[in-house]
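One structure below.
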Amino acid sequence: MKIATWNVNSIRVRLPHVKDFVHVQSPDVLLLQELKAQDKDIPISDLEDLGYNVIYKGQKAYNGVAILSKHPIEDVNDKLYSNTENDEQARYIECWIDAKNSGFRIASIYLPNGNPINTEKFDYKIDWMNKLKKRSKQLLDNEECVILGGDFNVCPEDRDAANPENMRNDALFQPESRAKLREIINLGYYDAWRAINPDITEWSYWDYGRAFEQNKGLRIDHFLLSPIALDRLESIEINKYHRSLERPSDHAPVIINISD
DNA sequence: ATGGCTTTCTACGAAAGA
């Protein structure tokens, strides 16, 4: 079972990359973030034509998240797949994927950036993380296979940035942001990258400009796994291919394989 | 470190991203 997450920075501009990614990688489930389109402008039929069931939450101009699945999506009901406490911006969508005897709950997460610090934007980020923490805790109660994937907009540690000293005043790097992410993980989740790679860091985001050619980036796109999901984890990869092409997203897809 | 990119919008500059 292959599951990918990708902040595409506009689904309309990136649709050719998404199509190519699907043809190359053929993930069973693809989590998308930063669609930057309201519902009516999301190219749903193009995504369905790739062989996926699609649920989505769009918003005008900003944000927007989706889950694409080759397997049946259950709970297709807004009350079930929304985190209703975090609904004012389209940053969270969640569902149960029914994959015969090996189903799992999964969320596509686009956590607020929070810059600049010392503003209401940073406060919004922390508030949003508190609500995510509450939902994350609920999801552990049933001892299910739970997969939280997406753009978390937090570098967990200094080593998750190429230039940590340049990031000291950035919302992605604040002790408060990191502490809140740790609080969520400490409920009982595992950072899939660190579970497989305790000593190796790769970037999932590079600023537009020269950052990619200089390989100076951040690791901010994550998969958090419940214990049962961790037991099923086989591999993880940050795939840089589409980041190297013309007109790329500034993020690379992160791909995990879990046992069926 | 920033916006030096990129994308979006009741658009032609400003906001947001990270």
Side-chain angles (χ1 to χ4, degrees), chain A residues 5-18 21 31-43 46 56-66 86 88-92 108-129 132 149-181 193 201-222 238 240 242-254:
Chain A
T5 181
W6 195 6
N7 175 323
V8 292
N9 186 14
S10 169
I11 186 59
R12 285 173 287 183
V13 172
R14 226 64 65 200
L15 186 60
H17 278 202
V18 171
F21 177 75
L31 311 177
L32 298 177
Q33 302 91 35
E34 222 178 343
L35 304 180
K36 284 188 165 176
Q38 54 196 314
D39 287 355
K40 70 180 180 65
D41 293 328
I42 299 172
D46 291 271
Y56 54 93
K57 215 187 291 185
Q59 183 182 330
K60 189 173 194 143
Y62 305 116
N63 309 317
V65 287
N86 268 340
E88 62 285 343
Q89 295 185 11
R91 296 178 173 276
Y92 186 96
S108 178
I109 291 169
Y110 178 44
L111 210 144
N113 172 304
N115 277 306
I117 59 173
N118 300 317
T119 68
E120 70 287 345
K121 292 197 162 193
F122 188 73
D123 294 339
Y124 183 79
K125 178 186 189 121
I126 299 301
D127 286 347
W128 202 96
M129 293 185 81
L132 177 63
D151 175 2
F152 282 73
N153 268 321
V154 178
C155 290
E157 302 175 82
D158 276 12
R159 60 178 171 156
D160 295 309
N163 292 309
E165 297 317 317
N166 291 348
M167 296 288 293
R168 291 296 168 206
N169 294 321
D170 196 292
L172 284 63
F173 230 65
Q174 291 310 293
E176 200 177 356
S177 309
R178 287 179 173 175
K180 201 57 67 180
L181 179 61
W193 179 267
T201 291
E202 293 182 13
W203 319 131
S204 67
Y205 161 89
W206 301 257
D207 199 358
Y208 287 121
R210 295 207 182 85
F212 186 70
E213 63 192 59
Q214 296 173 344
N215 197 25
K216 293 185 184 305
L218 309 171
R219 191 176 75 89
I220 54 176
D221 298 271
H222 308 303
I238 303 175
K240 301 179 187 64
H242 289 87
R243 184 64 182 80
S244 73
L245 301 181
E246 291 296 311
R247 230 173 161 200
S249 168
D250 40 3
H251 294 251
V254 183

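A note on names: the letters A, B, ... follow the listed sequences, proteins ahead of strands, and every chain is numbered from 1. Treat the numbers as computed from the prediction; the structure is a model and nothing was measured. What you see below is based on every heavy atom in this structure, not just the backbone, and it leaves out hydrogens, waters and symmetry mates.
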Want to settle it: does A:R168 or A:P116 sit nearer the 5' end of DNA chain B, counting the closest nucleotide to each?
A:R168
Donor-acceptor pair, distance only, cut-off 3.5 Å: does the side chain of A:K57 make one with the backbone of A:Y92?
yes
Tell me, please, which residues at least two apart from A:P116 pass side chain to side chain contact (heavy atoms under 4.5 Å, CB included).
A:T119, A:K121
Between B:dT8 (P) and A:Q38 (CD): distance, integer Å:
12 Å
Determine the interatomic distance between P on B:dT10 and the same-named atom on B:dT6; round to the nearest Å.
23 Å
Listed in order of residue number, which residues of residues 201-221 of chain A have a non-hydrogen atom at under 4.0 Å from DNA chain B?
A:Y205, A:D207, A:Y208, A:L218, A:I220
Measure CG/A:L111 against P/B:dG17 and give the value in whole Å, please.
12 Å
Looking only at heavy atoms, which two atoms of A:T201 and A:W193 are closest? And how far apart?
CA-NE1, 4.0 Å
Report the nucleotide, chosen from B:dT7, B:dG17, B:dC9, that has the shortest atom-to-atom distance to any side-chain atom of A:R14.
B:dT7
Specify the residues of residues 151-162 of chain A, ordered by number, for which at least one heavy atom lies under 4.0 angstrom from an atom of DNA chain B.
A:D151, A:N153
What is the distance, to the nearest angstrom, from the CG atom on A:N166 to the P atom on B:dG3?
14 Å
Find the distance A:N9:CG to B:dG3:P and express it as a whole number of Å.
18 Å
Nearest-Å distance, CG (A:L35) to C1' (B:dT8)?
14 Å
Could I get a table of every N or O pair under 3.5 Å where one atom is in the protein and the other is in nucleotides 14-16 of chain B?
unit_1	atom_1	unit_2	atom_2	d
B:dA16	O5'	A:K121	NZ	3.4

For A:R168, which residues count as a salt bridge (charged side-chain N to carboxylate O under 4.0 Å, His left out) partner, sequence neighbours excluded?
A:D158, A:E165
Whole-angstrom distance between B:dC12 and B:dA16, as gauged at atom P
16 Å
To the nearest 0.5 angstrom, please state how far the CG atom of A:L111 sits from the CH2 atom of A:W128.
5.0 Å
Expressed in angstrom and rounded to an integer, what is the separation of A:N115 atom CG from B:dG3 atom P?
11 Å
If you measure from CG on A:D160 to CD1 on A:I220, what distance do you get to the nearest 0.5 Å?
10.5 Å
A:D41: partners by side chain to side chain contact (heavy atoms under 4.5 Å, CB included), with sequence neighbours left out
A:R12, A:A37, A:Q38
How do A:N169 and A:I11 order along DNA chain B: which one's closest nucleotide is nearer the 5' end?
A:N169
Please state how far atom CG in A:L172 lies from atom P in B:dG17, giving the value in whole angstrom units.
11 Å
With sequence neighbours excluded, give me every salt bridge (charged side-chain N to carboxylate O under 4.0 Å, His left out) pair touching residues 243-253 of chain A.
none
It should be established whether A:S10 places a side-chain nitrogen or oxygen under 4.0 Å from OP1 or OP2 of nucleotide B:dT8.
yes
Would you jot down, in residue-number order, the residues of residues 244-253 of chain A having a non-hydrogen atom under 4.0 Å from DNA chain B?
A:R247, A:H251
Partners meeting side chain to side chain contact (heavy atoms under 4.5 Å, CB included) with A:K240 (sequence neighbours left out):
A:E202, A:W206, A:F212
Tell me the ring-ring contact (aromatic ring centres under 6.0 Å, His included) pairs involving residues 162-181 of chain A, sequence neighbours left out?
none
Can you measure from CG (A:D127) to CD (A:E120) and round to the nearest 0.5 angstrom?
11.5 Å
Whole angstrom is fine here: how far is it from CG in A:N7 over to C1' in B:dT7?
12 Å
Please name all residues satisfying ring pair (Phe, Tyr, Trp, His ring centres under 6.0 Å) with A:H242, sequence neighbours left out, ordered by chain then number.
A:W6, A:H17, A:F21
In this structure, which one of A:D170, A:L172, A:N153 forms a side chain to side chain contact (heavy atoms under 4.5 Å, CB included) with A:L218?
A:L172
Can you list the residues that meet the side chain to side chain contact (heavy atoms under 4.5 Å, CB included) rule with A:D123, with sequence neighbours excluded?
none
